Amino acid sequence: LCLCNCAHFYAICSIFSYAGIMTADLGWAADRDSAGSVAGFLQSANVLGRIPTSSLWGYFADRFGADRGLVLSNLSLAVGGLTFGFCTSWDAAVLVRFVFLGAGSGWTTFFGPL
């Protein structure tokens with residue numbers, strides 16, 4: 001569970017240190033001064049993906065068990081982390097963070113009852 005928790009928070013927090021520079025260097029923002037809002041939305045996509053799926057992850061845990069849910073959630077984090085590393089367009093990066101690192105991560109739903 002400790003490694004699952006580390007993977008979950010790494011998926012959320014790792015982007016804070018490089019998101020602004022990355023958005024400017026990849027041309028997603030006009031310059032480094034305007035990169036903050038683009039980088040902020042990139043991170044927000046992660047959290048916005050969790051809002052509609054929290055109830056679904058709870059249903060999944062009740063129906064199939066929390067162990068299977070944790071495996072599927074961590075698999076989604078792994079795929080999302082690797083896929084995000086290969087994103088060259090802003091749309092793809094936001095989509096990956098929304099789907100794999102946001103909607104695909106049910107960690108908060110599983111960790112609460114534990």
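Bear in mind the structure is a predicted one, so any value in this text is a computation, not a measurement. Worth knowing before you read on, the calculation uses all heavy atoms, side chains too, and leaves out hydrogens, waters and symmetry mates.
Between the CD atom of Gln43 and the SG atom of Cys13 there is a distance of 7.5 Å, given to the nearest 0.5 Å. We find the OG1-OH distance between Thr53 and Tyr59 to be 15.5 Å, quoted to the nearest 0.5 Å. Interatomic distance, CG of Asn46 versus OG of Ser105, reported as 7.5 Å (0.5 Å rounding). Note that CZ of Phe84 is 13.5 Å distant from CG of Leu77, once rounded to the nearest 0.5 Å.
Hydrophobic clustering, with ILVMFWY side chains joined whenever heavy atoms are under 4.5 angstrom apart, groups Leu72 together with Phe64. When the side chains of ILVMFWY residues are joined at heavy-atom separations under 4.5 Å, either directly or via intervening members, Phe9 and Leu3 end up in two distinct hydrophobic clusters. Hydrophobic cluster membership is shared by Trp28 and Ile15, with clusters built from Ile, Leu, Val, Met, Phe, Trp and Tyr side chains linked at under 4.5 angstrom. By the rule that hydrophobic residues join a cluster once side-chain heavy atoms approach within less than 4.5 Å of another member, Leu70 and Val79 end up as members of separate clusters. One hydrophobic cluster, built from ILVMFWY side chains closer than 4.5 Å, holds both Tyr18 and Trp90.
In terms of heavy atoms, Arg32 sits closest to Ile21 at NH2-CG2, 3.7 Å. Summarising the geometry of Val99 relative to Ser76, their closest heavy-atom pair is O-OG, 4.5 Å, with the distance given to 0.1 Å. When all heavy atoms of Arg50 and Leu101 are compared, the pair lying nearest together is NH2-O, 3.4 Å. Smallest separation of non-hydrogen atoms from Ala29 and Val38: CB-CG2, 4.0 Å. When all heavy atoms of Gly106 and Ser73 are compared, the closest pair comes out as N-OG, 3.0 Å.
Considering only heavy atoms from C-beta on, Leu82 stays 4.5 Å or farther from Phe100 through its side chain.
Annotation: Phe16, atom CZ; neighbour count of heavy atoms from other residues, nucleotides and ligands within 6.0 Å is above 12.
Relative to the ring axis of Phe60, Arg68 does not place its NZ or CZ within 45° and under 6.0 Å from the centre.
Panel note: side chain Ser89, backbone Ala92; a donor-acceptor pair is recorded below 3.5 Å. Within the 3.5 Å criterion, the main-chain N or O of Gly20 finds a donor-acceptor partner in the side chain of Thr23.
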